[in-house]
A.B. asks: 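Questions regarding the structure given below will be posed in turn.
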Amino acid sequence: MTAQDQITTTPAIAIEHLTKRFSENTAVDDVNISVPPGSFLVLVGPSGCGKSTLLRMLAGLEPPSEGQISFGGKIVSSGASGVQTNAAARDAGLVFQSYALWPHKTVEGNIDWPLKVAGWSKQKRAERINEVLKFLGIEALRDRYPAEISGGQQQRVAIARTIGPRPGILLLDEPLSNLDAKLRVDMRSELMRIHRGTNATSVYVTHDQVEAMTMATHVAVLREGRVEQFGPPDELLLKPQTTFVATFLGTPAGNLVPVSRSEDAFVFNGINLAPNAIAPDLDTAQLLYRAQDITVGTREGRPTVKATYAESAPIAGQSMVTCLIGDLRVTAIVDGFFRAEPGTEIDLCFLRDPDAVFDADGRRVTQ
Ligand code: ATP
């Protein structure tokens with residue numbers, strides 16, 4: 001079942017044929033994505049692939065050129081009819097990468113302002129401010145100004161300010177990218193708690209595929225404005241449909257080895273890697289090997305190729321070893337600590353048959 005099939009209720013967010021052109025440049029190109037209420041949709045992809053433009057259209061900051069966006073079955077943006085519900089009226093709260101707090105207002109004042117604009121009474125505002133300060137653990141910062149608190153605390157205030165009016169949809173544009181590594185990990189868990197605690201449907205833009213895989217119920221991998229693959233994170237990791245997804249997701253990402261057919265085998269650098277029966281229609285192919293399916297050394301009966309050692313990084317009691325075979329970068333996993341002199345020739349052994357086969361255009365051909 002695909003993520004799309006699982007939607008039985010009205011989607012919280014339905015994006016249909018959404019396109020955004022900036023003169024000659026198509027930033028978002030015929031995007032179709034729907035998610036049910038309570039989803040955590042992550043938009044991931046390399047720089048310039050259109051993530052922020054898509055999020056800005058969801059926020060109502062940018063009108064689409066074509067296609068439409070509906071929230072809870074109601075059209076909020078349409079390229080054809082020109083409907084463009086303004087940002088404030090679409091029940092969506094936006095958190096940016098730069099916290100953009102009002103410097104002349106205290107923490108309390110920052111959280112209060114959107115509630116005031118939305119017409120909440122003084123008493124309801126006071127109650128809600130206490131609630132969100134407590135929810136985010138920042139009660140002690142109530143009277144401070146943004147310049148008097150840390151970056152991580154400013155981010156919490158920015159989130160508190162956004163969730164104050166209880167938006168049904170939370171839009172987050174790389175909200176953790178200005179934080180240090182440790183704080184990012186803490187805030188990731190915190191954001192998940194906030195997402196669950198608010199019952200909102202969230203859309204989260206990131207470059208960071210670890211963030212994407214940790215937080216998402218649904219992931220859309222974008223490439224040059226188009227959706228390369230959309231689905232639950234495990235489906236994308238286990239069954240990448242293109243070489244782009246296979247080499248973009250995963251820690252480390254998958255290895256792709258180009259092979260050509262020679263009689264009944266697929267061959268790389270003169271070594272038989274796999275029987276050609278795994279993709280009998282192809283003369284050339286790209287084989288996907290997970291890093292854990294390649295190691296340093298030799299094993300009886302398994303294909304081995306010569307490679308040049310480049311670097312190694314320790315990861316949970318193992319070493320992630322990067323090597324070069326000509327121009328091809330290959331990542332292998334070795335138990336324990338492994339290090340060699342860069343440039344040393346080593347053996348790389350393929351422990352298992354390939355995880356998947358892709359054709360020359362990068363499309364998956366195996367189940
Ligand atoms: P990053 O991860 O670097 O922030 P992104 O995936 O969010 O990138 P966008 O900012 O959405 O990408 O940009 C997508 C494309 O649209 C890029 O080629 C960008 O240069 C272009 N673009 C974005 N905004 C505008 C604009 N206002 N005018 C012209 N081109 C734009």
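Ligands are counted one by one from 1 in listed order, and the atoms in each one are counted from 1 as well. Note: hydrogens, waters and symmetry copies are ignored here, and every other heavy atom, side chains too, is used.
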A.B. asks: May I ask which of Glu174, His207, Lys51 has a heavy atom nearer to atom 6 (O) of ligand 1 than the others do?
C.D. replies: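 The residue whose heavy atom sits nearest atom 6 (O) of ligand 1 is Lys51.
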A.B. asks: To check your reading of the model: name the closest protein heavy atom to atom 14 (C) of ligand 1, its residue, and the distance in Å.
C.D. replies: Gly48 O, 3.4 Å
A.B. asks: Of the choices Gly50, Ala27, Gly45, which has the non-hydrogen atom that lies closest to atom 12 (O) of ligand 1?
C.D. replies: Gly50
A.B. asks: Can you report which non-hydrogen protein atom sits closest to atom 20 (O) of ligand 1, along with the distance?
C.D. replies: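 The answer is Asn25 ND2, 4.1 Å.
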A.B. asks: Return each pair, listed once, that meets salt bridge (charged side-chain N to carboxylate O under 4.0 Å, His left out) where at least one residue sits in residues 191-202; pairs must be two or more places apart or across chains.
C.D. replies: Glu190-Arg193
A.B. asks: Considering only protein heavy atoms, which is closest to atom 11 (O) of ligand 1, and at what distance to one decimal place?
C.D. replies: Thr53 OG1, 2.5 Å
A.B. asks: Does anything in residues 28-61 pair up under ring-ring contact (aromatic ring centres under 6.0 Å, His included), and if so which pairs, sequence neighbours excluded?
C.D. replies: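 Matches after skipping sequence neighbours: Phe40-His195, Phe40-Tyr204.
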A.B. asks: Please confirm whether Lys116 makes a cation-pi placement over Trp113, using NZ or CZ under 6.0 Å from the six-membered ring centre and within 45° of the ring normal.
C.D. replies: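 No; the conditions do not both hold, so Lys116 does not lie above the ring face of Trp113.
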A.B. asks: Among all the protein's non-hydrogen atoms, which is closest to atom 4 (O) of ligand 1, and how far away is it?
C.D. replies: Ser52 OG, 3.9 Å
A.B. asks: Do Asp264 side-chain atoms and Asn276 backbone N/O form a donor-acceptor pair below 3.5 Å?
C.D. replies: no
A.B. asks: Between Phe22 and ligand 1, does any nitrogen or oxygen pair lie at a separation below 3.5 Å?
C.D. replies: no
A.B. asks: Has Arg363 got a side-chain atom pairing as donor or acceptor with Gln241's backbone, closer than 3.5 angstrom?
C.D. replies: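 Not at all, since once roles are kept as given, no pair shorter than 3.5 Å links the two residues.
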A.B. asks: Quick one: does Asp293's side chain have a donor or acceptor within less than 3.5 Å of a partner on Arg352's backbone?
C.D. replies: no
A.B. asks: Quick one: nearest non-hydrogen protein atom to atom 3 (O) of ligand 1, plus distance?
C.D. replies: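 Residue, atom and distance for the closest contact: Ser47 OG, 2.5 Å.
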